[in-house]
Every structure is written in C-alpha cells, then in structure tokens.
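A short worksheet on the structure shown next.
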Amino acid sequence: MRRRQLQSAGKNCEESAITAYSASQNGAPVYTGEPSARASLSFFEAQGYSIQDFLAFWIMNNIPQEKRHGQLTVDKFRHLVDQVVSDKNYLLGTSVRFTTEDFAAWYAKNMQTSRTYLDIEQEDTSPYTPPAGPKTVLHTLSALSTKARDKNVVATIKTALEKHKRVLAVYGHSHLESEWEELVQFMGIPKKTKPF
C-alpha cells in the first residue's frame with residue numbers, strides 16, 4: 001500500500017518517508033523500523049493466529065486509509081482485498097488464496113459486531129481497548145502488530161547505534177511509551193527529554 005501512496009503526487013507522504021528520502025539524498029544510511037512481513041507473520045503465528053488472520057488484519061487496517069480517498073464501494077473494496085493479499089503473498093513468498101468472500105466469512109465469524117467491515121474507522125484499528133464499545137479481534141491483532149513493530153524498532157535502534165554515534169528515529173510517539181524501558185536499559189536514562 002505504501003508504494004502507491006508515495007506515488008500520489010504531493011499526497012500521503014509520511015514523515016518517515018520524507019526523512020528517509022532526505023537522509024539518502026545526503027548520504028546518510030537509512031534503516032527501516034518496520035518488521036518484515038515474515039517476521040510479523042511469525043509473531044502472529046506464535047500467538048496462535050493463522051495467515052488468514054494476518055491477511056484479514058491487514059485488509060481491515062487499510063480500510064480507513066482507503067476511505068480517505070473517497071467512498072469505499074464494494075468494487076473498490078474488492079480491489080483493496082486483492083491488492084493486500086497479492087502484496088502480502090509477494091512479501092511472504094506464499095500463494096495463499098484469500099478472496100473478498102473469504103474475508104467476509106472471516107469477518108462474520110471473528111468480529112462479532114453488527115457493523116460491516118466498510119464501517120471500519122481509524123479508531124477501530126487501535127491497539128488499545130476502546131473507552132466505549134467492545135474490544136474486537138481487530139484491537140487484539142493491532143496490539144500484536146504493534147508489539148512486533150516495537151520489538152523491531154528497538155532492535156533496529158540498537159543495530160544503528162553499534163555503527164553510528166547519533167541516530168535519528170522517526171516514528172509515532174505512542175511507540176516510545178511501550179519501548180521506553182528497553183531503550184533505557186541499553187542507552188541509559190536520557191539527560192534531555194521532551195515529555196509527552
């Protein structure tokens with residue numbers, strides 16, 4: 001999904017992409033904090049989830065972003081499912097079949113909500129238990145994905161600090177809270193910090 005977003009002229013370019021581009025233009029090495037698709041899937045599988053759960057998570061996770069580009073029709077949703085499944089299969093080196101109908105059946109069985117998947121909003125993809133409304137499997141899978149990402153970000157920062165004196169990490173500040181203790185363990189208590 002990110003490849004397409006970055007190609008949209010002047011739209012949807014994230015801070016991390018701008019920073020990576022600027023760094024590479026200035027000869028600075030760039031590391032990605034995102035875990036590979038294989039590492040993420042392994043994290044899911046270690047918790048008892050299947051590749052279908054993994055694919056369903058990524059489909060649901062992309063719904064709010066797609067809705068920002070206009071109404072998510074049934075045809076656009078079918079295209080989204082095909083795109084996500086194709087992308088993940090490519091990254092994983094797999095050829096798992098997971099159609100729109102497969103996803104709809106998965107959603108009906110696992111989400112246990114009266115809302116349809118076309119109604120998914122950004123807050124539904126949060127890894128945190130919502131203040132109002134029930135916690136869904138999407139919240140649980142989002143929390144797993146966040147843990148996998150946090151683990152990889154910390155490992156990446158460690159690797160970068162072994163090679164460089166200074167490292168600039170660009171990612172959402174909410175991750176800092178869950179990574180704080182491990183970062184302090186290998187870097188020490190910071191002398192200057194900006195509270196959030």
Side-chain angles (χ1 to χ4, degrees), residues 1-47 51 54-55 57-69 80 83-94 122-123 125-128 138-139 141-196:
M1 308 319 294
R2 288 206 170 104
R3 279 177 276 160
R4 185 170 56 77
Q5 289 176 343
L6 293 177
Q7 290 170 358
S8 302
K11 296 180 181 178
N12 304 315
C13 194
E14 301 169 349
E15 294 92 342
S16 55
I18 293 168
T19 305
Y21 176 79
S22 298
S24 64
Q25 292 297 301
N26 288 288
V30 176
Y31 300 83
T32 178
E34 292 295 324
S36 69
R38 173 58 56 199
S40 293
L41 176 59
S42 294
F43 204 82
F44 273 56
E45 290 174 332
Q47 302 301 315
I51 191 168
F54 182 74
L55 294 172
F57 164 70
W58 283 108
I59 291 165
M60 292 186 292
N61 199 52
N62 277 283
I63 289 172
Q65 287 81 0
E66 287 301 309
K67 288 168 73 172
R68 288 185 196 136
H69 303 294
L80 171 66
Q83 196 172 20
V84 169
V85 172
S86 173
D87 184 54
K88 295 304 176 191
N89 271 320
Y90 173 77
L91 294 172
L92 292 167
T94 56
Q122 191 67 45
E123 61 271 10
T125 65
S126 169
Y128 307 107
L138 178 52
H139 293 110
L141 296 176
S142 293
L144 277 179
S145 178
T146 298
K147 284 181 186 175
R149 293 174 74 207
D150 286 338
K151 181 178 176 182
N152 199 68
V153 166
V154 170
T156 302
I157 292 171
K158 281 182 182 178
T159 298
L161 284 172
E162 289 169 2
K163 300 176 182 178
H164 310 284
K165 253 182 146 173
R166 295 172 63 187
V167 172
L168 171 65
V170 180
Y171 61 111
H173 71 83
S174 63
H175 291 274
L176 186 58
E177 185 178 353
S178 53
E179 296 168 8
W180 184 259
E181 286 183 29
E182 194 171 351
L183 290 170
V184 166
Q185 283 177 7
F186 73 88
M187 291 195 298
I189 297 171
K191 294 178 180 165
K192 292 183 181 178
T193 119
K194 181 179 178 184
F196 59 93

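All values reported here derive from a predicted model rather than from experimental measurement. This chain uses plain numbering: 1 for the first residue, then up along the sequence.
Considering every non-hydrogen atom in both T125 and M60, the closest pair reads CG2-O, 3.9 Å. Closest non-hydrogen pair, T156 versus T32, comes out as OG1-O, 3.4 Å. What you find for S40 and F54 is that their closest heavy atoms are CB-CE1, 3.7 Å. Of all non-hydrogen atoms in L80 and I59, the two that sit nearest each other are CD2-O, 4.1 Å. The two residues P64 and N61 come nearest to each other via the heavy atoms CD-O, 3.6 Å.
With sequence neighbours excluded, the residues forming a side chain to side chain contact (heavy atoms under 4.5 Å, CB included) with A169 are I157, Y171, listed by chain and number. Under the side chain to side chain donor-acceptor pair (under 3.5 Å) criterion, T94 pairs with N89, sequence neighbours left out. Shown here are the side chain to side chain contact (heavy atoms under 4.5 Å, CB included) partners of A23, two or more places apart in sequence or in another chain: A28, V30. Applying the salt bridge (charged side-chain N to carboxylate O under 4.0 Å, His left out) test to E182 and every residue at least two apart in sequence or in another chain returns K158. For K67, the salt bridge (charged side-chain N to carboxylate O under 4.0 Å, His left out) partners are E121, not counting sequence neighbours. For S142, there are no side chain to side chain donor-acceptor pair (under 3.5 Å) partners two or more places apart in sequence or in a different chain. Judged as a salt bridge (charged side-chain N to carboxylate O under 4.0 Å, His left out), and not counting sequence neighbours, K147 has no contacts. Under the side chain to side chain contact (heavy atoms under 4.5 Å, CB included) criterion, S36 pairs with R38, A39, not counting sequence neighbours. Among residues two or more places apart in sequence or in another chain, the side chain to side chain donor-acceptor pair (under 3.5 Å) test is passed with N152 by none. Residues passing the side chain to side chain contact (heavy atoms under 4.5 Å, CB included) test with K163, sequence neighbours excluded: Y31, T159. Partners of F43 according to the ring pair (Phe, Tyr, Trp, His ring centres under 6.0 Å) rule, which considers only residues two or more places apart in sequence or in another chain, do not exist here.
Note that CH2 of W58 and CD1 of I63 are 13.5 Å apart. Values are rounded to the nearest 0.5 Å. Put simply, CD on E123 and NE2 on H139 are 8.0 Å apart, with the number rounded to the nearest 0.5 Å.
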Could you give me the CA-CA distance, side-chain angles and deciding distance for F186 and L161, then say whether side-chain contact (heavy atoms from CB on, under 4.5 Å) is met? CA-CA 10 Å; F186 73 88; L161 284 172; 3.8 Å; yes
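A donor-acceptor pair is defined here as one N or O able to donate and one able to accept, closer than 3.5 Å; no such pair exists between the side chain of S145 and the backbone of L141. Using a distance-only test at 3.5 Å, with no hydrogens or angles considered, no donor-acceptor pair links the side chain of S86 to the main chain of Q83.
I51 has its side chain within reach of L41: a pair of non-hydrogen atoms, C-beta onward, lies under 4.5 Å apart. In this structure, P190 and W180 have side chains that are in contact, with non-hydrogen atoms separated by less than 4.5 Å.
F57 and F44 have tilted rings, their planes meeting at an angle from 30° to 60° on a 0 to 90° scale.
Heavy-atom contacts from other residues, nucleotides or ligands closer than 6.0 Å to CD of E181 number 12 or fewer.
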